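Heads up: the structure comes next, in structure tokens.
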Amino acid sequence: MAEHYKITFEPMGVQAKAPAGTSIYEAAGIINIPLRADCGGKGLCGKCRVIVDPPHNLSALTESELGIFSPDEIKRSYRLACQAQIQGDVTITIPEQMADSREARGKTGLRGKYPFDPMVERIGLQKDELPEPKDGILADGASWVAERATRVAGHEVFIEDLGALRQLSRPEAYEGEITLVNHLKRGITAVIPGNKSRSLGLAVDVGTTTLAAYLCDFHTGEVIASSASVNPQRRYGEDVISRIAMTDNREDGLAILQQIVVEGINYLLGRCVEEVGASAEDIDEVTLVGNTTMEQIFIGFHPHGLGVWPYLPVLSSPRDLRAEEVGLNLNPGTNVYLFPVISGFVGGDTVGAILAEKPFLRDEMCLIVDIGTNGELVLGNRDGLWATSCATGPALEGAQISCGMRAVSGAIHKVELDSRTGGPTWSVLGDDENIPPVGICGSGLIDAIAVMRKMGVLLPNGRLKEGMPGVICDENGVGREYVLVP
Ligand code: FES
């Protein structure tokens, strides 16, 4: 067996063991330490930088690293987590602005009652309504149960789902009262021993950056629990294009992305039911929305077509799936409703927003704006709706900006024009007012562009004006960089 080395991550003080050749990024993943990886580990973005000790216990600096780090940073033992490979015991220090967070709090504030009309119902059958096995053998028990259920429910009930039939085939299914979960389109999806009237629904939002789950009581319409976390696919890139590239570049890419997003949803599902003292068995239906790429990966469709013109999804209609076939830890036959998508870059999450806001019932024009990692806009009223999308999150969090960073301590978040000097002034996030700037976040970037336009540094066509203070030109005299903080 290959020798395993000890990797200590600071400031958390936690340790992982990994064989030689494991990247720092992979080692962090073993113990669930989230790191930024905006370019999906290609050594291009420089956002996964860490400080290592001792440096000689890692592989040699790669060309990407030599291009990204200054001589001073190399001297201070900076490495890219996606490039440096373990070759001995090592301590890795993660600078605050490079750490990612598994928690995503902004999406869990939803509570209250909502109008509801579930597609599922629970039907209880008493023991005396169940067939009696003769000599341990039951002839066509499923038809018998369906007939009794039809009588109790007052409408036709049928059993075709394999998972439900398997549950019904077990001898204990006839030992006492049972509860049937009936989906109005798919028939019985689960057979649960005992009288279990609790009926819950789970709504899942698979975002490029964040996963969120909301547990709803189907008897009251109340959202009783919610949970959110970072989408674990993020370690393979910040945006949908990186995820599509991952499925194109690695044979196991799609399987990995699908598996980890399902694990992420199972994690949230577990947290939701735990919060209210319920069990996964109580969940009778799941609805799932996401942008088109996220939905396709969840269902195991290769998203290649979404990355090349004309950017078409494999399927745009809704789908009813079984929990078992997508790997969710629920009754095997539990229905998972996947929202329809509008186009390659306007997905089921936008359909959900349209259904919630109902602009199609209004006379006045409405604009729905969903700003996430992708941004979607829907404009219209009862006469028609128009939808489109654009990049937002990484575009504003510094993915392609050499000094770009999230809005954490040390980020320039505000830039203003100083009327006295005619030059820019800036403000830095952090508790200490003397904290030095280490990068610039989205709001700072927008401010900086506005100020650069006012100063005449940035021309209307987006070029930097040569000869202006702060503009650095290349060997051909073309303005390439603007120095905001000298
Ligand atoms: S450089 Fe390592 S993830 Fe981009």
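Computed from heavy atoms alone, side chains included, the values below leave out hydrogens, waters and symmetry copies. Since we're looking at a predicted model, the values are computed, not measured. Read the numbers this way: they start at 1 and go in the same order the structure lists the ligands and their atoms. All residue numbers in this chain count up from 1 along the given sequence.
A donor and an acceptor atom, one from each side chain of Thr208 and Asn291, are located under 3.5 Å apart. Side-chain atoms of Asn57 and Gln87 include no donor-acceptor pair closer than 3.5 Å. Using modelled atom types, one finds a donor on one side chain and an acceptor on the other under 3.5 Å when comparing Thr62 with Gln83.
Checking each of Thr247, Ile241, Val240 against Pro303 for a side-chain contact (heavy atoms from CB on, under 4.5 Å) leaves exactly one that passes, namely Thr247.
The neighbour count for Glu274 CD, taken as heavy atoms of other residues, nucleotides or ligands under 6.0 Å away, does not exceed 12.
Legend: protein N/O/S atoms lying under 2.8 Å from atom 2 (Fe) of ligand 1, waters omitted, number 2.
Taking 4.0 Å as the cut-off between side-chain N and carboxylate O, Arg480 and Asp474 count as a salt-bridged pair.
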